[in-house]
Amino acid sequence: MNILVIGANGKIGKKIVNKIHDNTPHDAIAMVREESQKEQFEKKGIKTVLGDLEKDFSHAYEGNNAVIFTAGSGGHTGDDKTKAIDQQGAIKAIDLAVQHKYIRFMMVSAFGADFNPSDWPKDMAAYYNAKSAADDYLQQTGLNYTIFKPGLLTDDEPKGKVDFGERTDERMGSIPRWDVADVVVKSLEAENTYRRSLELLSGPNNIEEAIEKA
(Lines give C-alpha, C1' and ligand atoms only; values in the text may rest on other atoms or scores of the structure.)
Protein backbone atom coordinates (compact mmCIF):
# COMPACT_ATOMS: atom_id res chain seq x y z
CA MET A 1 0.00 0.00 0.00
CA ASN A 2 0.98 3.62 -0.52
CA ILE A 3 -0.18 5.08 2.78
CA LEU A 4 -0.81 8.80 3.16
CA VAL A 5 -0.19 9.76 6.79
CA ILE A 6 -2.14 12.91 7.62
CA GLY A 7 -0.70 14.56 10.70
CA ALA A 8 2.75 13.11 10.02
CA ASN A 9 4.52 15.86 11.96
CA GLY A 10 2.61 15.08 15.17
CA LYS A 11 3.99 12.95 17.98
CA ILE A 12 2.06 9.84 16.92
CA GLY A 13 2.28 10.63 13.22
CA LYS A 14 6.09 10.68 13.19
CA LYS A 15 6.21 7.31 14.92
CA ILE A 16 3.70 5.82 12.49
CA VAL A 17 5.59 7.07 9.44
CA ASN A 18 8.89 5.69 10.69
CA LYS A 19 7.40 2.35 11.69
CA ILE A 20 5.82 1.90 8.26
CA HIS A 21 9.10 2.83 6.59
CA ASP A 22 11.30 0.64 8.81
CA ASN A 23 9.11 -2.38 9.49
CA THR A 24 6.68 -2.95 6.62
CA PRO A 25 6.73 -3.49 2.84
CA HIS A 26 4.42 -0.49 2.42
CA ASP A 27 5.35 3.08 1.52
CA ALA A 28 4.50 5.93 3.88
CA ILE A 29 3.84 9.36 2.41
CA ALA A 30 4.14 12.01 5.11
CA MET A 31 1.69 14.89 4.72
CA VAL A 32 2.99 18.01 6.46
CA ARG A 33 1.91 21.64 6.53
CA GLU A 34 5.28 23.37 6.31
CA GLU A 35 8.19 23.04 3.90
CA SER A 36 10.56 22.99 6.88
CA GLN A 37 8.93 19.80 8.18
CA LYS A 38 9.83 17.74 5.10
CA GLU A 39 13.56 17.27 5.69
CA GLN A 40 13.22 15.03 8.75
CA PHE A 41 11.45 12.46 6.56
CA GLU A 42 13.17 12.96 3.23
CA LYS A 43 16.65 12.41 4.68
CA LYS A 44 15.45 8.89 5.54
CA GLY A 45 14.09 8.32 2.04
CA ILE A 46 10.46 8.86 3.06
CA LYS A 47 8.23 10.64 0.57
CA THR A 48 6.48 13.83 1.67
CA VAL A 49 3.68 16.03 0.41
CA LEU A 50 2.57 19.48 1.53
CA GLY A 51 -1.05 19.71 2.60
CA ASP A 52 -3.19 21.90 4.84
CA LEU A 53 -6.44 20.47 6.24
CA GLU A 54 -8.01 23.93 6.19
CA LYS A 55 -7.35 24.28 2.46
CA ASP A 56 -7.52 22.05 -0.63
CA PHE A 57 -5.26 19.05 -0.08
CA SER A 58 -6.76 16.75 -2.72
CA HIS A 59 -3.42 16.60 -4.58
CA ALA A 60 -1.99 14.58 -1.68
CA TYR A 61 -4.24 11.64 -2.59
CA GLU A 62 -2.85 11.12 -6.07
CA GLY A 63 -0.94 7.86 -6.43
CA ASN A 64 -1.86 6.54 -2.96
CA ASN A 65 -4.46 3.99 -1.89
CA ALA A 66 -4.66 4.14 1.93
CA VAL A 67 -4.67 6.82 4.60
CA ILE A 68 -3.94 7.09 8.30
CA PHE A 69 -5.50 10.19 9.85
CA THR A 70 -3.72 11.19 13.04
CA ALA A 71 -4.00 14.96 12.80
CA GLY A 72 -5.26 17.13 15.62
CA SER A 73 -5.48 20.80 16.43
CA GLY A 74 -3.63 20.32 19.73
CA GLY A 75 -4.61 21.25 23.24
CA HIS A 76 -3.81 24.95 23.02
CA THR A 77 -6.13 26.02 20.23
CA GLY A 78 -9.66 27.35 20.39
CA ASP A 79 -12.87 25.48 19.64
CA ASP A 80 -13.01 26.88 16.09
CA LYS A 81 -9.61 25.41 15.23
CA THR A 82 -10.56 22.09 16.83
CA LYS A 83 -13.68 21.89 14.67
CA ALA A 84 -11.75 22.92 11.55
CA ILE A 85 -9.04 20.26 11.96
CA ASP A 86 -10.48 17.38 13.99
CA GLN A 87 -13.92 17.40 12.42
CA GLN A 88 -14.06 19.27 9.12
CA GLY A 89 -10.52 18.34 8.10
CA ALA A 90 -11.17 14.70 8.93
CA ILE A 91 -14.43 14.70 6.95
CA LYS A 92 -12.65 16.15 3.91
CA ALA A 93 -10.01 13.43 4.25
CA ILE A 94 -12.73 10.76 4.38
CA ASP A 95 -14.53 12.18 1.33
CA LEU A 96 -11.31 12.18 -0.67
CA ALA A 97 -10.60 8.58 0.28
CA VAL A 98 -14.08 7.61 -0.93
CA GLN A 99 -13.63 9.54 -4.19
CA HIS A 100 -10.26 7.89 -4.85
CA LYS A 101 -11.58 4.43 -3.93
CA TYR A 102 -8.99 3.92 -1.22
CA ILE A 103 -8.69 0.40 0.16
CA ARG A 104 -7.98 1.40 3.78
CA PHE A 105 -8.74 4.30 6.14
CA MET A 106 -7.40 4.37 9.69
CA MET A 107 -8.50 7.06 12.12
CA VAL A 108 -6.77 7.90 15.39
CA SER A 109 -9.65 9.25 17.48
CA ALA A 110 -10.01 9.47 21.26
CA PHE A 111 -11.20 7.23 24.07
CA GLY A 112 -14.64 8.49 25.07
CA ALA A 113 -15.59 9.92 21.68
CA ASP A 114 -18.59 7.59 21.62
CA PHE A 115 -19.63 8.26 25.23
CA ASN A 116 -22.81 10.12 26.06
CA PRO A 117 -21.97 13.84 25.69
CA SER A 118 -23.10 14.37 29.30
CA ASP A 119 -20.08 12.27 30.32
CA TRP A 120 -17.56 14.50 28.53
CA PRO A 121 -15.59 16.99 30.65
CA LYS A 122 -17.02 20.44 29.91
CA ASP A 123 -13.63 21.88 28.99
CA MET A 124 -13.12 19.06 26.46
CA ALA A 125 -16.61 18.97 24.97
CA ALA A 126 -15.64 20.67 21.70
CA TYR A 127 -12.78 18.22 21.22
CA TYR A 128 -14.89 15.13 21.87
CA ASN A 129 -17.72 16.48 19.76
CA ALA A 130 -15.38 16.98 16.81
CA LYS A 131 -13.89 13.49 17.16
CA SER A 132 -17.33 11.92 17.55
CA ALA A 133 -18.72 13.66 14.47
CA ALA A 134 -15.76 12.56 12.33
CA ASP A 135 -15.98 8.98 13.60
CA ASP A 136 -19.72 8.82 12.92
CA TYR A 137 -19.20 10.17 9.41
CA LEU A 138 -16.51 7.59 8.67
CA GLN A 139 -18.74 4.75 9.83
CA GLN A 140 -21.36 5.67 7.24
CA THR A 141 -18.95 5.07 4.35
CA GLY A 142 -18.08 1.87 2.54
CA LEU A 143 -14.38 2.25 3.37
CA ASN A 144 -12.43 -0.47 5.15
CA TYR A 145 -11.92 1.76 8.15
CA THR A 146 -10.60 1.21 11.63
CA ILE A 147 -11.16 3.80 14.34
CA PHE A 148 -8.64 3.66 17.18
CA LYS A 149 -9.70 5.32 20.43
CA PRO A 150 -6.62 5.58 22.67
CA GLY A 151 -6.80 6.77 26.24
CA LEU A 152 -4.65 9.50 27.77
CA LEU A 153 -1.52 9.72 25.62
CA THR A 154 1.88 9.70 27.31
CA ASP A 155 5.48 10.01 26.17
CA ASP A 156 6.49 7.00 28.27
CA GLU A 157 8.63 4.25 26.82
CA PRO A 158 6.62 1.62 24.94
CA LYS A 159 5.22 -1.18 27.06
CA GLY A 160 4.26 -3.44 24.17
CA LYS A 161 1.15 -4.56 26.06
CA VAL A 162 -2.34 -3.26 25.52
CA ASP A 163 -6.05 -3.67 26.14
CA PHE A 164 -7.62 -3.37 22.69
CA GLY A 165 -11.15 -4.09 21.57
CA GLU A 166 -14.75 -2.95 21.30
CA ARG A 167 -14.75 -2.26 25.03
CA THR A 168 -11.66 -2.30 27.20
CA ASP A 169 -11.75 -3.67 30.74
CA GLU A 170 -11.21 -0.20 32.22
CA ARG A 171 -13.34 2.83 31.40
CA MET A 172 -10.36 5.18 31.55
CA GLY A 173 -6.61 4.88 31.37
CA SER A 174 -3.48 5.86 29.47
CA ILE A 175 -1.16 4.51 26.80
CA PRO A 176 2.27 5.53 25.44
CA ARG A 177 2.20 7.09 21.99
CA TRP A 178 4.74 4.49 20.87
CA ASP A 179 2.25 1.71 21.58
CA VAL A 180 -0.54 3.53 19.75
CA ALA A 181 1.67 3.83 16.67
CA ASP A 182 2.61 0.16 16.92
CA VAL A 183 -1.03 -0.97 17.12
CA VAL A 184 -2.00 1.19 14.14
CA VAL A 185 0.81 -0.07 11.92
CA LYS A 186 0.38 -3.71 12.92
CA SER A 187 -3.37 -3.45 12.20
CA LEU A 188 -2.87 -2.29 8.63
CA GLU A 189 -3.66 -5.69 7.14
CA ALA A 190 -5.67 -7.15 10.04
CA GLU A 191 -9.01 -7.75 8.35
CA ASN A 192 -10.70 -8.44 11.69
CA THR A 193 -10.23 -4.73 12.49
CA TYR A 194 -11.98 -3.58 9.30
CA ARG A 195 -15.13 -1.48 9.78
CA ARG A 196 -14.69 -1.38 13.54
CA SER A 197 -14.27 1.22 16.27
CA LEU A 198 -11.86 -0.02 18.93
CA GLU A 199 -10.75 1.27 22.32
CA LEU A 200 -7.07 1.21 23.18
CA LEU A 201 -5.36 1.40 26.57
CA SER A 202 -2.25 -0.08 28.13
CA GLY A 203 -3.13 -3.55 29.36
CA PRO A 204 -2.09 -7.18 29.78
CA ASN A 205 -1.90 -8.41 26.19
CA ASN A 206 0.95 -8.46 23.69
CA ILE A 207 0.12 -6.17 20.79
CA GLU A 208 0.06 -8.91 18.14
CA GLU A 209 -2.21 -11.09 20.28
CA ALA A 210 -4.48 -8.16 21.12
CA ILE A 211 -4.96 -7.34 17.45
CA GLU A 212 -5.67 -10.97 16.64
CA LYS A 213 -8.35 -11.14 19.35
CA ALA A 214 -9.83 -7.68 18.78
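Sequence positions, counted from 1, serve as the residue numbers for this chain.
- The closest side-chain heavy-atom distance from Asn9 to Gln40 is below 4.5 Å.
- Applying the side-chain hydrogen bond (donor to acceptor under 3.5 Å, both in side chains) definition to pairs two or more places apart or across chains, those involving residues 177-188 are Asp155-Arg177, Asp182-Lys186, Lys186-Glu208.
- Under the 4.5 Å side-chain contact rule for hydrophobic residues, Phe164 and Phe111 do not share a cluster.
- Comment: Arg104 does not engage Glu189 in a salt bridge, judged by the lack of any side-chain N to carboxylate O separation of less than 4.0 angstrom.
- Chaining together hydrophobic side chains whose heavy atoms lie under 4.5 Å apart places Ile147 alongside Leu4, Ile6, Ile29, Met31, Val49, Leu53, Phe57, Tyr61, Val67, Phe69, Ile85, Ile91, Ile94, Leu96, Val98, Tyr102, Phe105, Met107, Tyr137, Leu138, Leu143, Tyr145.
- Applying the salt bridge (Lys or Arg N to Asp or Glu O under 4.0 Å) rule to Asp52 yields the partners Arg33; only residues at least two apart in sequence or on another chain are considered.
- Within the 4.5 Å cutoff, the side chain of Val180 has no heavy atoms near those of the Phe148 side chain.
- Residue Ile46 is grouped with residue Ile12 when hydrophobic side chains (ILVMFWY) are merged at heavy-atom distances under 4.5 angstrom, including chains of intermediate members.
- Connection of Leu153 to Val162 is established within a shared hydrophobic cluster, with ILVMFWY side chains joined at heavy-atom distances below 4.5 Å, either directly or through further cluster members.
- In this structure, the side chain of His26 does not engage the main chain of His21 through any donor-acceptor pair within 3.5 Å.
- Between Arg196 and Glu191, no side-chain nitrogen of the basic residue sits less than 4.0 Å from a carboxylate oxygen of the acidic one, so the salt-bridge criterion is not met.
- Considering only heavy atoms from C-beta on, Val184 comes within 4.5 Å of Val108 through its side chain.
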